[in-house]
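What's counted below: heavy atoms across the whole structure, side chains too, no hydrogens, waters or symmetry copies.
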Amino acid sequence: MYRFLIKRTLITNEILKRKTNDELADTVKSYTKTKSKKQGKYSETILLPQTQFRVHLNGKTRIQEDKYLTEKCGFSELYDWQKKNLSGPDFILHDGPPYANGIPHMGHAINKILKDITLRYKIMNQNRVHYVPGWDCHGLPIELKAVHNNAENPLEIRKKARKYAEEAIIKQKEAFQSWGVTADWNESGYYFTSHSSYIKNQLRQFIKLYKKGIIFRDFMPVYWSPSSRTALAESELEYNQQHQSKAVIIRLYLDNIPVNLNSFKNHPIYALIWTTTPWSLVANQAITFSANATYCLVENNSRDLYIIAQDLLNTIELKLGSLRTLVCFKGKELENSTYLHPFTKHKCPFLTANHVTTNLGTGLVHTAPAHGPEDFLVALENKIHILSIVDTEGRYTKEAGSQFCGLQVLTEGVDKVIDLLNQDILHVETITHSYPYDWRTKKPVLIRASNQWFIDINSLKEKIIDSIKNIDIYPKCNHTSFMNALLAGIKNRPYWCISRQRSWGTPIPVVYSKTTGKAFTNEEIVERLCNSIDKYGPDCWWEYSVKDLIGLDMIEKLNIAADDIEKGNDIMDIWFDSGISWSMILPNGKANLYLEGYDQFSGWFQSSLITSIALQECPSYSAIFVHGFAVDENCLKMSKSIGNVINPEEILQGGSNLEKNPIYGVDVLRWWVANHGSQHAQIPVSKNIFDGCKQSVYKLRLILRFLLGALHPYYKDINCKPQYRIIDKYMLYLLFCYNEQIQQHYNNYDYHHASKMIMNFITNNVSSLYCTLIKDRLYCDEATSSIRIAAVEVIKEILNVLIRSIAPILPHLAEEAWLHYPKNCAYIPLHCTQYNVLNSWNDPSIVQHINVALRLRYNILKIANKTTWKFHGIIDANKEDFISLCLLHDERHSSISELCEILQLSSVTLIENNTIDETQIQIFEIQKALCERCRRYPETQENDLCTRCAYVLSKNKSMQTVIV
């Protein structure tokens, strides 16, 4: 019913936008001057709106007002107030910790303001909330910023990194507070991952997972960043779509050919492989093939014989020239065949593998188990020793041979391999393709086998996937795609490498035997380490000996010599740091909501889910709300590395060039977030968009000024009941529907819909409709008139609902308006007040009656090109419409009926006409004199006043004590 109502209202309200699209501004202009030139000598008798609430707050005034409101309206006390005064259960929003690196940016603003809108909405609805802001403090970016790539000892690195992170936290916290974000901003009210208490909890969760067998150590290939000299997780990669690689087709000599090719045994036969990583040929240990694929023995013009997949024959011919097929056979025939290694000439096997396809390359795959996950699994299955020939800096080790040792594999190594294998390389090409880069250093990574610590996701996968089905994902319009993204991050991930080879982080609490390399850890070791952290501080792992940290008796229990024991040098992945935060921060380990950007499907959403399922067998969140990324005018993602980052401080306080970067203030920033931050993958940042947001806030200020001004107490409290007209009840019904719908938008986190509805409501229903139609009654009726009091009461209800509906998005504006609320003399902050919309307003039967009148008003404005008060209307109404109109016009002819007010005509004659299908209206210009006070053309009395105005003035003379 409500949607139908709004549609009808929008149609009929076109009549109220006849002059300009800025009718809202026109509504207010009528009372901006103390005296009206048109009213002349009677202007002092007009009850114009009066308020000190300002429409324009520009420049430094805007900055000062934001600071004043923050202090005056108890923003810093709100979180503590709601904890003490509201009842539970708590709505728990868990803060994904922003990285303690650099100045605040627009991504911070989007994330923190969306969270604050969520919290403030809950508080406005008398729900207590739990929200603890956090910071992610460890990791390579901070480490690199702190030490500037200079080689320093771990303790010095940690000291400088900690200082850098703490300084960043101070800057970011100040920014978050300036945006009005609700939280306990005292030091005890937030968390950061480098704090001793947090580290101790993390160590304890680690050992729990280790005891369960979910955390394990193994020698496996992982993404490795030579530029950072550490292992990386998938979430720490970005893919360069323009990366260029040298790809080669190389022939490898078969020394043991398939039985089915014995007729060709007197001719050299080669397997052709294609690879985009020629450097890894040094580590080649096998060729893999598809058992079910069809392969061919082909001959080139030089009578050389090659084996390739039949499906790729045409593609290979484009590169090598004409090839003649001699025989075809199934891949399984290649079993037990061998070939000679391209460098060592050792015999290597052909092995079947499921990952081999015939849609790219040659159908035969070069296999280097230390440098590819599929290759590694093939080696494990076939019990092949893993040969790793790349060090932490991405250089060949001595195991690669003297001709390669020390060369950078991704550059020098490629050229060296191609040079040495020149006679066997049949084709070289440079291809542009997607390739993983270290997201921090922006340099290419490689896959390298090494000893690392892992979480076994395969053992958890079924439980994780089952649990995802019960998680709500917002915005709902993206539910399917976001659910698939969350599932994909788990389905395609057999394990998670959680160890990093750096200094700034939480240590993996493991000691090793120097001679055997065996790892030792248990609960007692971890508890002793936690005690050492209490005693010596969070750097103790790097500062003190194993004996100092865990005790000599513990070493003896491990049955290892004191001089044979050493601490591990690995730290935990920062995604494990933050992913375990639920166990430290959340009551009962569960949040109602996680709210982060969509990149967290491979980051925090996933790490939190994995650790929570592993430790408590349920997700740490019931719902997730996903937002996008800020992009510039060219739709490029804002990034510090690109240099297109905008500091939100420029939005609040302007830039050095105020014409280019004007002062918008916190209201505009928050309105931008609400309008654009909750539904788009790309959130545009541009001056045009912010100018539009500023205009929207200005319109809100206009209507708030009018509503506040209309509540000016022109009379003292007297015993006079309001007499509600049908248009008043209709407005209350619209207000009821608006409140229901706005609550629904907030509950669904559809903040862009909420903000659009706010603007539509104030523009169409409040300003253009109700305020326009009641101005005559509001300005010109007697102050104590029961129908004027009714209009004032409705305006009071509109103001109460409107302020509370904008408060989650624009708390500064809402509190500013509340400061000017006439009855708020002692000033009580808005959040301390309660307000309920009455069910008695929900009367949809009114709609059909009002819509009849609004259709007539629409027809009037199609005819009249000037003020409609100059006209008299004659209505021929059909039977059905006549019934509705009689409720608004109870005499055949009247100049004071409610229908006159709605049609904005000085008088109306209503005639029932049962012979017509459609109600019609004719308007005639009134020849009578103008009332000098109300500017209408009803019957005038002496002194050029209409009956109503003459009565009001005579009454006021005898009631001077009533008028304020």
(message) Set out, in order, the CA-CA distance, both residues' side-chain angles and the distance that settles side chain to side chain donor-acceptor pair (under 3.5 Å) for D116 and T182, then state yes or no.
(response) CA-CA 6 Å; D116 190 61; T182 304; 2.9 Å; yes
(request) Begin with the C-alpha distance, continue with both residues' side-chain angles, and end with the deciding distance and a verdict on side chain to side chain donor-acceptor pair (under 3.5 Å) for E797 and Y835. (result) CA-CA 10 Å; E797 306 296 359; Y835 178 83; 2.4 Å; yes
List the atom of [X], the atom of [Y], and the distance in Å for their closest heavy-atom pair.
| X | Y | answer |
| --- | --- | --- |
| S467 | I471 | O-CG1, 3.7 Å |
| Q126 | T833 | NE2-O, 3.8 Å |
| S578 | P97 | CB-CG, 3.7 Å |
| A100 | I142 | O-CD1, 3.2 Å |
| H130 | V132 | CE1-CG2, 3.7 Å |
| T611 | G579 | OG1-O, 3.0 Å |

(request) Just jot down the ring-ring contact (aromatic ring centres under 6.0 Å, His included) partners of H820, sequence neighbours excluded, or say none. (result)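 If we apply the ring-ring contact (aromatic ring centres under 6.0 Å, His included) test to H820, skipping adjacent residues, the hits are F53.
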(request) Sequence neighbours left out, what passes ring-ring contact (aromatic ring centres under 6.0 Å, His included) with H831? Give chain and number order. (result)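 By the ring-ring contact (aromatic ring centres under 6.0 Å, His included) rule, H831 matches W81.
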Hey, could you give me the [atom1]/[atom2] distance between [X] and [Y], rounded to the nearest 0.5 Å?
| X | Y | atom1 | atom2 | answer |
| --- | --- | --- | --- | --- |
| K122 | I117 | NZ | CD1 | 13.5 Å |
| L813 | I806 | CG | CD1 | 4.0 Å |
| L799 | L704 | CG | CG | 6.5 Å |
| N101 | R440 | CG | CZ | 10.5 Å |
| N484 | I468 | CG | CD1 | 10.5 Å |
| S767 | L707 | OG | CG | 9.0 Å |

Side-chain contact test, heavy atoms from C-beta onward, threshold under 4.5 Å: evaluate it for [X] versus [Y] and give yes or no.
| X | Y | answer |
| --- | --- | --- |
| N839 | F736 | yes |
| I169 | C137 | yes |
| L119 | Q82 | no |
| L735 | V837 | no |
| I123 | P808 | no |
| I798 | I762 | no |
| R701 | H56 | no |
| L802 | V766 | no |

Taking only residues two or more places apart in sequence, or in another chain, which ones meet [X] in a side-chain hydrogen bond (donor to acceptor under 3.5 Å, both in side chains)?
| X | result |
| --- | --- |
| D573 | W496, R500 |
| Q616 | S612 |
| D66 | R62 |

(request) Mark yes or no: R120 above the aromatic ring of Y131, with NZ or CZ under 6.0 Å from the six-membered ring centre and no more than 45 degrees from the axis. (result)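 Judged by the rule (NZ or CZ under 6.0 Å from the ring centre, within 45° of its axis), R120 is not positioned above Y131.
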In terms of the angle between their ring planes, are [X] and [Y] parallel, tilted or perpendicular, with boundaries placed at 30° and 60°?
| X | Y | value |
| --- | --- | --- |
| Y738 | F761 | parallel |
| W135 | Y190 | perpendicular |
| Y121 | Y746 | parallel |

Measure from the side-chain N and O atoms of [X] to the backbone N and O of [Y], and report whether any donor-acceptor pair falls under 3.5 Å.
| X | Y | value |
| --- | --- | --- |
| Y751 | G677 | no |
| N765 | Y770 | no |
| S620 | W582 | no |
| W841 | M731 | no |
| Q172 | G102 | yes |
| S607 | W575 | yes |
| E815 | L830 | yes |
| D667 | L810 | no |
| K590 | P587 | no |
| S608 | F605 | no |

(request) Evaluate the side-chain contact (heavy atoms from CB on, under 4.5 Å) criterion for residues S678 and Y749: first the C-alpha distance (whole Å), next the side-chain angles of each, then the deciding distance (0.1 Å), finally the verdict. (result) CA-CA 8 Å; S678 61; Y749 310 106; over 6 Å; no
(message) If the test is side chain to side chain contact (heavy atoms under 4.5 Å, CB included), which one of E65, E71, Q64 qualifies with Y68?
(response)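 For Y68, the side chain to side chain contact (heavy atoms under 4.5 Å, CB included) check succeeds only for E65.
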(request) Return yes if a side-chain donor-acceptor contact under 3.5 Å exists between Y664 and E650, otherwise no. (result)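 Judged by distance alone, the side chains do not pair up.
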(message) Run H94 and S581 through side-chain contact (heavy atoms from CB on, under 4.5 Å) and show every step you take.
(response) CA-CA 9 Å; H94 189 26; S581 60; 2.8 Å; yes
(message) If you apply the rule side-chain contact (heavy atoms from CB on, under 4.5 Å), what do you find for K67 with I63, and how did you get there?
(response) CA-CA 6 Å; K67 290 180 179 178; I63 298 172; 4.1 Å; yes
(request) Inspect the surroundings of CG in N588 and state if more than 12 heavy atoms from other residues, nucleotides or ligands are less than 6.0 Å away. (result)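 No, the 6.0 Å shell around CG holds no more than 12 heavy atoms from other groups.
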(message) Going by salt bridge (charged side-chain N to carboxylate O under 4.0 Å, His left out), name the pairs with one or both residues in residues 683-697, residues two or more places apart or in two chains.
(response)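 Those involving residues 683-697 are K687-D691.
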(request) Answer yes if the ring centres of F482 and Y474 are under 6.0 angstrom apart, and no otherwise. (result)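 Not under 6.0 Å, so no.
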(request) Have a look at Y598 and tell me which of W604, F625, F629 forms a ring pair (Phe, Tyr, Trp, His ring centres under 6.0 Å) with it. (result)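 By the ring pair (Phe, Tyr, Trp, His ring centres under 6.0 Å) criterion, Y598 pairs with just one of W604, F625, F629: F629.
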(request) Starting from the C-alpha separation in whole Å, work towards a yes-or-no answer on side-chain contact (heavy atoms from CB on, under 4.5 Å) for I574 and Y99. (result) CA-CA 10 Å; I574 60 171; Y99 203 45; 4.2 Å; yes
(request) Inspect the contact between D184 and K83 and indicate whether a charged nitrogen and a carboxylate oxygen are less than 4.0 angstrom apart. (result)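 No, this pair does not count.
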